[in-house]
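Right, one structure below, let's go through it.
Throughout, protein chains are lettered first and strands after them, A, B, ... in sequence-line order, and every chain is numbered starting at 1. Worth saying up front: this structure is predicted, and the values here are computed from it rather than measured.
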Amino acid sequence: MKQYDHTKIEKKWQKQWAKKKLYKTVEQKSVDTAKDKKCYVLDMFPYPSGEGLHVGHPKGYIATDVYSRFKRMQGFNVLHPMGFDAFGLPAENYAIKNKIHPSVAVQKNIKRYKEQLEIIGFDYDWSREVDTTDSEYYRWTQWIFLQLFKKGLAYESNEPINWCPSCKTGLANEDLEDGKCERCGSVVEKKPIRQWVLRITDYADRLLKDIDGLNWPESIKESQRNWIGRSEGSEISFTVEFENGGKPGSIPVFTTRADTLFGATALVLSPEHLWVTLATDENHKGVLKNSEEVRQYVALSKKKTEIERTDTGKEKTGVKLEGVWAVNPATKEKIPMYVADYVLPDYGTGAVMMVPAHDERDFQFAKKYGVPVKDVVRPVHGEIHDNEEVRKTISAVVQRKSDGKFLFVKWKEFGWVAPVIGGMDSDTPEQAAEREVFEETGYKTKAIRRLGSETEHHFYADNKKVWRARFDQPVYLELIDETAHLRTKEEEDRLELLWLSYEEALKQITHADNKIGLNRFVKDTTVVTDFGVLIDSGKFSGLISEEAKKKITEFVGGKMVVKYKLRDWVFSRQRYWGEPIPLIHCERCGVVAVPEKDLPVKLPDVKSYEPTGTGESPLAAISKWVNTKCPQCKGKAKRETNTMPQWAGSSWYYLRYMDPKNKKEVVDPKKEKQWSPVDLYVGGTEHATRHLIYARFWHKFLYDIGVVSTTEPFMQLKNQGLIMGEDGRKMSKRFGNVVNPDDVIATYGADTFRVYEMFMGPFEQGIAWSTQNMIGSRRFIERVWKLVTTSIDANLSRQKNGDSANLEVLFNKTVKKVGEDIQDFGFNTAISSLMILLNAMEKVLVSKEQVGVLLQLLAPFAPHMTEELWSALGNKNSIHIAPWPAFDSTKLVEEKVTVIVQINGKVRGQIVVVKDANEDVVKKEAQENAEVAKWLWGQQIKKIIYVPGRVVNIVI
RNA sequence: GCUCGGGUGGCGGAAUUGGUAUACGCGCCAGACUUAAAAUCUGUUGGCCGCAAGGCCGUGUGGGUUCGAUUCCCACCCCGAGCACCA
């Protein structure tokens with residue numbers, strides 16, 4: 001028996017495979033027939049850092065490798081390529097820090113990554129490798145940009161954008177994390193600089209809608225939906241009038257709650273709102289009486305960082321605009337105007353109507369600044385039924401001063417705990433509340449105030465057996481004295497008095513609806529943000545919110561609109577290491593596209609590439625490169641000096657793999673049709689709202705201009721869970737817990753490494769590395785080695801007790817399960833069933849065929865050792881192109897099955913019966929079983945349930 | 001706060017349409033081999049009570065549906081992720 005020498009075996013086969021071009025993908029002649037047997041398996045290509053790979057990085061690559069090998073064995077024409085993404089900030093910052101030119105550093109890092117990947121034994125077709133920094137690649141990145149430019153989807157802008165003071169460049173919204181630069185953690189500023197922006201918002205609707213059809217993890221889909229942030233609402237104009245007699249103007253607001261328009265008691269503008277800017281400038285003195293105060297407030301809020309500005313916990317601030325007012329278009333009432341920085345400038349119209357009664361933020365502001373609160377929606381709880389008995393009630397909130405507890409009653413007959421609730425006659429809610437509290441509890445009280453508006457409840461009154469509608473007004477009352485007066489005997493028998501703290505009350509109150517008044521009092525808020533029925537809203541009173549939105553919008557001449565949170569993609573970086581934006585600024589013709597024949601616009605090779613920090617790219621200083629001729633008028637012109645963001649190259653790389661050497665176009669349409677779309681895409685969750693949105697956007701654009709044939713690039717997406725360090729923390733140099741795959745592979749072998757990473761746990765779940773646990777995988781590999789080599793040595797006639805024929809069912813089951821598990825990424829259970837099979841095989845005499853099947857099933861996971869043993873078995877061709885084993889679906893169940901016998905659902909015994917045993921026979925046998933009979937002794941059997949082949953349950 | 005995931009032995013984790021909970025692996029314990037150790041092999045291993053036979057309890061908590069619930073329904077608690085003053 002040969003010793004298992006992983007290093008020798010792995011080197012040998014990696015060399016062989018490369019030599020024989022085993023994994024080279026070829027296009028098939030006929031697109032139509034090729035299409036249904038193709039499989040495009042894609043990894044998110046790495047961004048090669050100077051650190052090299054740690055053991056966590058290859059997890060996804062191993063998974064796609066297993067999957068693609070499996071698919072190849074199933075006869076699919078597999079495309080499984082790999083490449084490198086290397087433009088952008090991280091590479092440039094690394095280069096600056098280490099004083100190596102980025103182009104040199106990147107090539108060095110790529111080389112190191114490739115070496116590390118190669119020893120793991122992947123089946124990549126390296127002849128298709130792409131490198132986003134190669135000018136032959138970025139020629140096409142630039143080409144796509146030009147198409148966007150030509151379609152008007154790339155535009156120049158000077159709006160304030162996110163600026164990272166440390167990286168010295170503008171950033172897209174997607175590049176921020178909690179208002180900080182995602183790369184370096186610096187707090188970003190708002191800075192107006194000239195920049196190129198892509199109109200991704202034009203695609204917002206399609207990007208959102210098409211999410212539904214994707215076979216992606218729910219969490220990623222949800223992240224994208226959140227990020228796009230669609231909301232339907234109304235745009236409504238408010239007339240503005242001037243105290244000094246100026247000409248009235250109007251300001252549009254965006255709202256999703258037009259149904260609350262009658263409750264709009266102020267108009268609020270963001271500090272950046274154009275109207276505010278105009279009203280406070282030199283030319284419009286006299287419009288605002290407090291112009292200076294407003295100007296100062298605006299200046300102050302512009303100084304705040306994004307984080308300070310959008311901190312939800314912070315108290316709201318603002319300034320009233322004196323000397324002007326707005327007119328509520330529904331009520332025609334004059335309402336005050338404020339400027340406040342809780343209103344964001346770049347969402348909706350930058351102005352909102354303030355409805356304190358039905359919006360949490362407005363309520364906070366209104367309370368502080370004394371804006372009136374007007375309730376216009378009555379919340380509805382429960383569902384409306386026909387023939388309801390209607391009651392108008394009050395519910396009383398009574399607090400005792402001495403210990404702060406609240407008064408409740410317990411209904412002795414039903415066990416209900418509730419506040420005092422009583423019917424209203426012709427009196428006011430206050431009078432009714434005082435009367436009811438006294439009658440039911442004997443306490444004298446004084447009503448202080450109503451707690452918000454009425455609430456509406458629909459419920460089934462159990463005690464009276466009727467459906468009931470209740471309109472309830474919560475009222476707060478003060479105790480006149482803390483001693484209760486005598487109650488009638490009748491009341492004493494009916495109701496028990498309880499004094500409860502707020503927390504106790506929340507727990508004990510038996511009907512959730514009865515907590516409303518108490519909550520309004522304790523939390524000191526009467527805000528109702530739910531939909532309901534309109535009240536106090538003129539002719540719209542009585543309508544439900546959903547209906548009223550549209551009708552009120554129409555009534556005031558507004559329109560229904562859709563808004564998105566998604567912002568256009570800030571696409572230029574004031575940095576060196578990126579694709580030059582292929583545009584030319586001509587003194588006469590303006591912005592002109594570089595002619596396609598002149599692409600690529602190569603990044604000039606320079607010594608000094610540090611960012612300038614002025615808002616200009618370092619390229620601007622290279623006059624030889626910058627100064628050029630206008631392609632149209634041949635006059636003096638300058639090149640655009642901004643470069644593209646890191647995400648440009650990765651937004652379309654999956655297309656280039658289909659046709660990596662094409663000099664004439666992005667991709668040959670025939671090849672595109674054969675391979676598109678990507679069938680399976682694997683990578684980390686960190687790309688949820690950047691790469692995966694950008695790539696979808698570009699893909700849809702390319703679809704629109706006829707470059708690609710599908711509307712979505714990636715049909716199925718899987719996220720690998722993170723591998724943490726042995727200490728449970730994220731693997732990082734800082735923690736000293738990084739495990740290097742090269743070391744692991746040198747000691748234990750690539751096959752062990754691969755099997756372990758797939759066996760660790762569910763693929764999509766994060767998990768800590770454990771070298772100890774990995775040894776279990778090594779043992780498994782060694783046991784397979786031993787089983788196969790001893791079988792070969794003994795000429796496949798090892799004598800053991802038993803007979804390999806007994807394994808037939810297990811083999812069929814395992815073949816089925818391993819195939820299914822790989823198909824849906826259940827690698828851990830696939831390996832577990834292979835272990836079960838091995839355990840069984842070790843105990844009996846196995847045939848050459850069976851040994852072969854074991855190796856084939858294991859081949860995608862452990863490609864080297866299975867190849868070695870496969871060839872030792874006498875096979876001439878590679879195991880990796882051998883057809884995947886088939887199973888016999890008639891032989892998935894043993895001839896004899898164990899049926900458990902339960903009595904009243906508890907397992908009391910088991911019987912062995914033939915597979916298709918007659919139900920009555922099984923039931924009879926079950927009762928005769930000695931263990932079971934014991935429990936049945938002297939009992940009356942009520943019922944027997946039989947689940948074929950599984951369980952007999954006897955009910956006694 | 002909203003949304004999406006997820007809570008199962010000492011640990012990683014398995015469990016078809018509701019049908020023997022803890023497969024497989026790690027660790028632990030015991031045994032074999034060895035002068036010894038490592039490696040390997042064999043066996044045990046959810047908790048409680050019991051000498052034992054055996055019994056009871058057990059999938060975050062509390063209810064419910066069912067002959068039977070890790071699985072379905074309701075309420076709640078905890079952990080992870082995304083979004084968050086988006087009107």
Side-chain angles (χ1 to χ4, degrees), chain A residues 178 217-231 233-234 253-258 260 264 268 270 309-314 316 340-344 346-355 358-362 364-365 507 512 529 563-567 685-686 688-689 719 721 755-756 759-762 764-768 770-777 779-780 782-783 786 817 826 828-839 842 898-910 931 934 942-956:
Chain A
D178 293 326
E218 211 41 58
S219 62
I220 301 274
K221 297 210 292 191
E222 202 55 29
S223 289
Q224 291 213 347
R225 287 190 193 106
N226 282 343
W227 190 261
I228 295 166
R230 180 190 150 99
S231 49
S234 318
V253 303
F254 173 70
T255 178
T256 54
R257 290 299 301 272
T260 65
V268 196
S270 67
R309 174 92 181 254
T310 57
D311 177 12
T312 46
K314 162 201 97 169
K316 300 204 172 358
D341 68 3
Y342 78 90
V343 178
L344 303 176
D346 48 4
Y347 184 74
T349 62
V352 302
M353 63 185 209
M354 183 191 292
V355 185
H358 304 289
D359 183 281
E360 203 68 56
R361 298 151 301 180
D362 293 346
Q364 282 175 33
F365 188 91
K507 271 188 205 154
T529 54
K563 297 280 179 197
Y564 298 93
K565 280 197 319 196
L566 184 73
R567 297 295 133 79
T685 52
E686 66 274 16
T689 52
N719 292 123
V755 167
Y756 172 58
F759 185 61
M760 286 174 94
E764 308 211 31
Q765 236 171 68
I767 189 167
S770 159
T771 301
Q772 178 64 55
N773 280 4
M774 183 175 60
I775 289 170
S777 299
R779 280 186 201 142
F780 168 63
E782 281 179 6
R783 281 168 54 205
K786 198 167 142 196
K817 180 155 177 63
N828 56 334
T829 49
I831 291 171
S832 141
S833 57
L834 286 170
M835 287 171 170
I836 293 169
L837 179 64
L838 175 67
N839 288 345
E842 283 175 334
T898 303
V899 171
I900 61 132
V901 185
Q902 297 180 331
I903 291 168
N904 285 351
K906 284 196 173 165
V907 182
R908 296 300 183 192
Q910 46 180 261
E931 282 294 316
K934 198 172 74 185
K942 286 189 189 143
K943 194 160 134 192
I944 302 179
I945 294 133
Y946 176 53
V947 182
R950 292 200 173 275
V951 64
V952 177
N953 191 10
I954 303 169
V955 186
I956 54 176

Kindly indicate whether the side chain of Lys316(A) and the base of C85(B) share any N or O donor-acceptor pair separated by less than 3.5 Å? yes
When syn is taken as a glycosidic angle within 90 degrees of 0, is G9(B) syn or anti? syn
Give the rounded distance in Å between these two atoms: CZ of Arg908(A) and C1' of G68(B). 13 Å
Scan every strand shown for a Watson-Crick or G-U wobble partner of U40(B), both distances under 3.5 Å, and answer none if you come up empty. A32(B)
In whole angstrom, give the distance that lies between atom NE2 of His358(A) and atom P of A87(B). 17 Å
What's the CH2-C1' distance between Trp227(A) and A81(B), to the nearest Å? 15 Å
Given atom CG of Asn226(A) and atom P of C4(B), what is their separation to the nearest angstrom? 10 Å
Look at the side-chain N and O atoms of Ser231(A) and state whether any lies under 4.0 Å from the OP1 or OP2 oxygen of A87(B). yes
Please state whether the base of G5(B) and the side chain of Glu222(A) form at least one donor-acceptor pair under 3.5 Å? no
Listed nucleotide nearest any side-chain atom of Glu218(A), set A87(B), G5(B), C85(B): G5(B)
Under 4.0 Å: is that the gap between some side-chain N or O of Arg779(A) and OP1 or OP2 of U40(B)? yes
OP1 or OP2 of G25(B) versus the side-chain N and O atoms of Asn839(A): is any pair under 4.0 Å? yes
Considering every strand and a 4.0 Å limit on heavy-atom distances, what is the contact class for Ile767(A): base, sugar-phosphate, or nothing? sugar-phosphate
Considering only U20(B), A87(B), A14(B), which nucleotide approaches the side chain of Asn828(A) most closely? A14(B)
Choosing from G19(B), U20(B), C85(B), which nucleotide comes nearest the side chain of Val947(A)? G19(B)
Just compare C24(B), G19(B), C83(B) and give me whichever is closest to any side-chain atom of Ser832(A). C24(B)
Against the side chain of Met835(A), the closest entry in A87(B), C24(B), G82(B) is C24(B)
